[in-house]
Structure formats: structure tokens, C-alpha cells
Amino acid sequence: MNHPAGGYKKIFETVEELSEPVPATVTGRIPSFLKGSLLRLGPGLFEVGDEPFYHLFDGQALMHKFDFKNGQVTYFNKYVKTDAYVRAITEKRVVITEFGTFAYPDPCKNIFSRFFTYFKGVEVTDNCLVNVYPIGEDYYAVTETNYITKVNTDTLDTLKKVDLCNYVNINGVTAHPHIERDGTVFNIGNCMGKGASLAYNVVRIPPTQKGWACNYFVFVETPVKINLLKFLSAWSIRGSNYMDCFESNEVLGTLFHIARKDIGGGQGEYIDHKFRAAPINLFHHINTYEDNGFIVADVCTWKGFEFVYNYLWLANLRSNWEEVKKAAMMAPQPEVRRYVIPLDIHREEQGKNLICLPYTTATAVMRTDGTIWLEPEVLFSGPRQAFEFPQINYEKHGGKNYTYAYALGLNHFIPDRIIKLNVKTKETWVWQEPDSYPSEPLFVQTPDGVDEDDGVLLTVVVSPGAQKSGYMLILNAKDMSEIARAEVDCPIPVTFHGMYKK
């Protein structure tokens, strides 16, 4: 689908927060088992005073909530009152450096106070615009730094800023944790050590009850990395942002790290085999599971070593459609890939395909230097058509063999469809409407559902040309047909991730 009218630009515009929830106009019938809340996070403030934010991941965090009750729906939003947001609003300028926007020193301070401010250390943003997830009975809005923000998911009030550095040895963690069925939260963080070295630490937040679901961690290390010297020195002296600190090296390729989750006494174990593959960008895993001595990892990739975030500057995304397409033509191309990793390789011969699962064409071959080279099976591919922000029936099939994945379809980086993929047959189903821009689809299972895809998908759609420009869409997960929509007369900007709270 083409978008010559450029309606997608609306999802990158500032909106005002609401003072109270507003009722939605429902078309169709809301399933009776939907009695909770759809929570979403993304940027909502794209400039402060006369100062713009420049990158997609810079706008200040806005939390959205659709509440379901007795077949009716209400919508509410509120800015997360982080230090970055409060100080920006108070001083009417960008105060804390974001992913792609540098915060200039206060012009009212003299040269000496600014000089000493540079050497107090890096002031890391707490702008939690990426995701929201539960830890125990509490909920936290998060980004990719060491700060998470406790929020009240009923009122959307901001409750408490938490520095994870006070609890675990990390400098930052991802906004994409793995949450097991017993409530255990696993995440991966980085830790800067002596000599500007970097270690990856797996962080475990204990559950309210015991029990683990799967046996291994898979961590994919791409050629895109942070240059620590730039981060620690050039940041303060030259006024860099996060984007300036990333580097990519095609020679490095991609490394797959494997670790056993628990070998007794709560301790894990790193498996010291070198699994390598061609260079890719990777931001989202679909699912990973074990099968007869192999680990199957399905991931959303972008081919090559160039950093995809280079194409997510707001100026690019707000361009006219022909310019958007030209930029996407130069960017790494998206592809859903299945990598298969053998766990027992000691008795195998060099040059032989170590994979014997009958349902995949993925290969793993030991080279003369002892490394195992991985070639993937392609599950989904289309020119400049990405399958991103993936979801599955996470509750029943996370870490297990599965059939269906759901995702937001990016057309030249513009979100304009919802896709269902059968990872076994590669069959796809699509929901799409003209001038409509959805978000990550969240799967909610039908109570007592038997099939893996017995459930619904919830997605927030922006339709700039419609009378009511935003709505929450409910799709039948089996055939992608529309069940209902709840429309509101409120502008809704782009959102990244979220959750359904029962």
C-alpha cells in the first residue's frame, strides 16, 4: 500500500495529556472476557519550547490505557513524570540528553559552572517511553537505561524512580524482559568494567513462587556496539548523544551466546562454543525453544551490519512518501529468520551439517577453527516489508514449540498493517486499511481456548483522515477478521510496546 497523503506524519506529533478518561464509541461487540486494561507506551512530546527532539526514541514518555468493562471502553493517557520530563517542562528546553538529541548546557550558567558540570559524570535519561511490565505486584515503565519508573496502572500516576544500579551490577538493561509463567523476570544488562571492558550480565528478579520453564539463555551479539571511550569521554567534552556512540564492524559478524539457566544452587553456566553467523541487526526475538538437543531461535532481523536506527530520525519518518521510500531503499532489509543451534557438537565432524531436525533448512557447520557457522531458514521476507514488534501466545507457548506469530508490518519503516505468520508453513494473513497506522498487536487468549490461536489481537490504530482519528481494534487471531473497534476523538501518537493487564 502506498501513502502519498502522508497521514503517517500524524503519529509523530505532540499531543496533550487528558484530564480524565474519555468514553469510546464501540462498533461491533467487545468480547465478554476482556475485563482488563490495554497499556501502551511511546513518545508523546516531540519538542520542548523551541527545541525539537530529533530521533524516534527521544520524545517524552506518554502512557496510554484502554479500559474494558461490561462491553464498554474508555481511553486515558498521561505523561510519565520522569526527571527528564519535569525538568524539560519546567525549564522549557531539553535538559537531559536523549537517544539522538543532545541537551545543551543552561545558557544562564557561566562558563565555569558549565565546565565543572561536564566532569560530574554522564547524566543518564530516565525517559521510560519503550515498555511497561510487572515486577511482583507492581508495574514499571521502562527504557534501555538503568532507570525504571513505578507507575499506578489505574490512575497512570508516576510513583517512584528506581535506579537498578542500587540492586544489581549493571549500567543499563533492555526494555524487553522475559517473564516466566511463575513471575520470574529475566533481563540482560551491560556492565562497564576495568579498562573500558564490557560484560553482559543476566539479571534475575525472583518470583512470588518457584519454578522455571526453560533451560537456556540465547543472547545474540550483533556487529552494532557502543564505543565505551566515546561514551565515557567524547560524550561530556564534545556534547554527543547516544547515537554518536554506536559503531558497527562488518568483520565481526554475529555471535550467538548460549548459557544454561540453572545447573544447581541457582547458578548458570556459559557454554563456551563459538556460534557465528553473517552480520545482522536484531531488536526483537519472536520465540526460542528446545527440540531434541537443538535450540530453535526465531528472530526479526535486518540484513547487514549498518545500524538500522540511522534511518529512524524523525526528519526521515516525517518526509513525503517518495522520500521515505528512497531512504528505505538504502537501509538494511528486514527478514524473519530461524537459527538452529546444536547443543551436542563434540562427536560431530568438521564440514558436516549438525542440524537433523526434519522441519527446518537451517544449518550449523563446524569450521576448521572450531567455530560453528549458522545459516538461517527464512520464515518471512518482502522488499522493505518488515515483520516487527512480534507477539505470540506467550502464556502457553513462550519457550515452547509453537506455530503462530503476530507482528506489526512496517512498510518502508511506516507501520501500516498487522500480520499473522504460520512459522511452520510460512502462510500469512494480513489486516490493513487505507490511511491507518496500527501498533504492536497483543495476543489475549480466549478463556478455555484449545487451539494456539484461540484468542484476539489488540492494537491501537491511528487514522488521521477519519472523523475519530484513533481507535482500539480487536481482531480475531484465527483469521484476522475484525471483531470490534473502540473509537475516540483524541489524537494518539506512535506507541512501541505494552501489555494487557487482566
Side-chain angles (χ1 to χ4, degrees), residues 1-3 7-8 11 38 40 42 176 280-288 297-303 308 312 317 324-325 328 331-338 376-394 397-398 402-445 451-463 471-485 494-500:
M1 179 174 289
N2 289 319
H3 304 283
Y8 51 82
I11 65 177
L38 174 65
R40 304 288 304 167
H176 302 80
I280 57 171
N281 280 223
L282 170 64
F283 308 110
H284 299 110
H285 292 242
I286 300 175
N287 198 16
T288 299
D298 294 347
V299 292
C300 302
T301 70
W302 299 77
K303 294 185 286 185
V308 173
L312 299 181
L317 298 174
V324 167
K325 289 194 293 184
Q333 293 306 298
E335 205 167 69
V336 176
R337 292 182 171 184
R338 167 167 289 178
E377 175 185 3
V378 176
L379 302 181
F380 176 90
S381 181
R384 288 154 288 282
Q385 304 295 316
F387 185 97
E388 271 289 356
F389 298 87
Q391 292 285 319
I392 61 171
N393 185 336
Y394 190 69
H397 289 269
Y402 74 116
T403 301
Y404 299 110
Y406 314 91
L408 176 64
L410 302 181
N411 173 14
H412 298 76
F413 293 108
I414 301 301
D416 70 355
R417 69 197 71 187
I418 301 296
I419 308 172
K420 176 183 180 179
L421 170 66
N422 183 320
V423 299
K424 300 184 186 302
T425 66
K426 304 178 185 177
E427 182 180 5
T428 59
W429 298 258
V430 174
W431 176 91
Q432 187 177 40
E433 287 188 358
D435 198 30
S436 298
Y437 307 99
S439 65
E440 167 194 58
L442 294 177
F443 179 89
V444 181
Q445 179 151 17
D451 295 337
E452 180 183 333
D453 57 352
D454 278 342
V456 299
L457 300 177
L458 307 180
T459 181
V460 179
V461 184
V462 179
S463 185
Y471 60 94
M472 192 277 306
L473 176 68
I474 305 176
L475 298 175
N476 185 327
K478 277 193 172 292
D479 61 7
M480 302 294 284
S481 62
E482 180 175 333
I483 295 175
R485 64 177 65 186
V494 62
T495 61
F496 297 139
H497 298 286
M499 62 173 290
Y500 174 73

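Because the structure is a prediction, the values reported are computed rather than measured.
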Step-by-step side chain to side chain contact (heavy atoms under 4.5 Å, CB included) determination, Asn2 to Lys325: CA-CA 10 Å; Asn2 289 319; Lys325 289 194 293 184; 4.0 Å; yes

Audit row: Ile474, Leu458, side chain to side chain contact (heavy atoms under 4.5 Å, CB included) steps and yes/no: CA-CA 5 Å; Ile474 305 176; Leu458 307 180; 3.8 Å; yes

Check against side chain to side chain contact (heavy atoms under 4.5 Å, CB included), Trp431 and Leu457: CA-CA 11 Å; Trp431 176 91; Leu457 300 177; over 6 Å; no

Verdict with reasoning, Glu377 to Lys426, per side chain to side chain contact (heavy atoms under 4.5 Å, CB included): CA-CA 11 Å; Glu377 175 185 3; Lys426 304 178 185 177; 3.2 Å; yes

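Between the side chain of Ser439 and the main chain of Thr459, no donor-acceptor pair closer than 3.5 Å is present. When atom types are taken as modelled, the side chain of Asp451 and the backbone of Asp453 share no donor-acceptor pair closer than 3.5 angstrom. At least one donor-acceptor pair under 3.5 Å links the side chain of Gln333 to the backbone N or O of Arg384. Without hydrogens or angle criteria, Thr301 side chain to Glu335 main chain gives a donor-acceptor distance under 3.5 Å. For Glu452 (side chain) and Tyr404 (main-chain N/O), a donor-acceptor pair under 3.5 Å exists by modelled atom type. At distances below 3.5 Å, at least one donor-acceptor pair connects side-chain atoms of Asn287 with backbone N or O atoms of His397. Between the side chain of Asn411 and the main chain of Met1, a donor-acceptor pair closer than 3.5 Å is present. One N or O on the side chain of Asn281 and one on the backbone of Val308 form a donor-acceptor pair closer than 3.5 Å. Lys420 contributes no side-chain N or O that, together with a main-chain N or O of Glu427, makes up a donor-acceptor pair within less than 3.5 Å.
Taking both residues in full, the closest heavy atoms of Ser436 and Tyr471 are given as OG-OH, 4.0 Å, listed atom of the first, atom of the second, then distance. Between Val423 and Ala405, the shortest heavy-atom distance links the atoms CG1-CB, 4.4 Å. Cys300 approaches Pro390 most closely through the heavy-atom pair SG-CG, 3.7 Å. Here the shortest heavy-atom pairing between Lys424 and Thr403 reads CE-OG1, 3.1 Å. Of all non-hydrogen atoms in Leu282 and His284, the two that sit nearest each other are CD1-O, 3.5 Å.
Put simply, the side chain of Gln385 reaches to within 4.5 Å of the side chain of His412, judged on heavy atoms. With contacts defined as side-chain heavy-atom distances shorter than 4.5 Å, the pair Leu473/Glu482 qualifies. The closest side-chain heavy-atom distance from Gln432 to Asp416 is below 4.5 Å. Between Ile418 and Leu408 there is a side-chain heavy-atom pair separated by less than 4.5 Å. At a threshold of 4.5 Å between non-hydrogen side-chain atoms, the residues Ile286 and Tyr402 count as touching. For the pair Ile419/Phe380, a side-chain contact is recorded, criterion being any heavy-atom separation below 4.5 Å from C-beta on. When side chains are defined from C-beta on, Ile280 counts as touching Arg337, because their heavy atoms get closer than 4.5 Å. Inter-residue side-chain proximity for Val460 and Leu38 is flagged as met; some heavy-atom pair is nearer than 4.5 Å.
Taking the six-membered ring where the residue is Trp, the centroids of His497 and His176 are separated by under 6.0 Å.
Between Tyr406 and Phe443, the two ring planes are parallel [angle under 30°; tilted spans 30° to 60°]. Ring geometry for Phe389 against Phe496 counts as parallel: the plane angle stays under 30°, on a 0 to 90° scale with 60° as the upper cut. Taking the six-membered ring where the residue is Trp, His3 and Tyr8 present perpendicular rings, their angle passing 60° and hence far from 30°. Relative orientation of the Trp302 and Phe413 rings is parallel, given thresholds of 30° and 60° on the angle between their planes.
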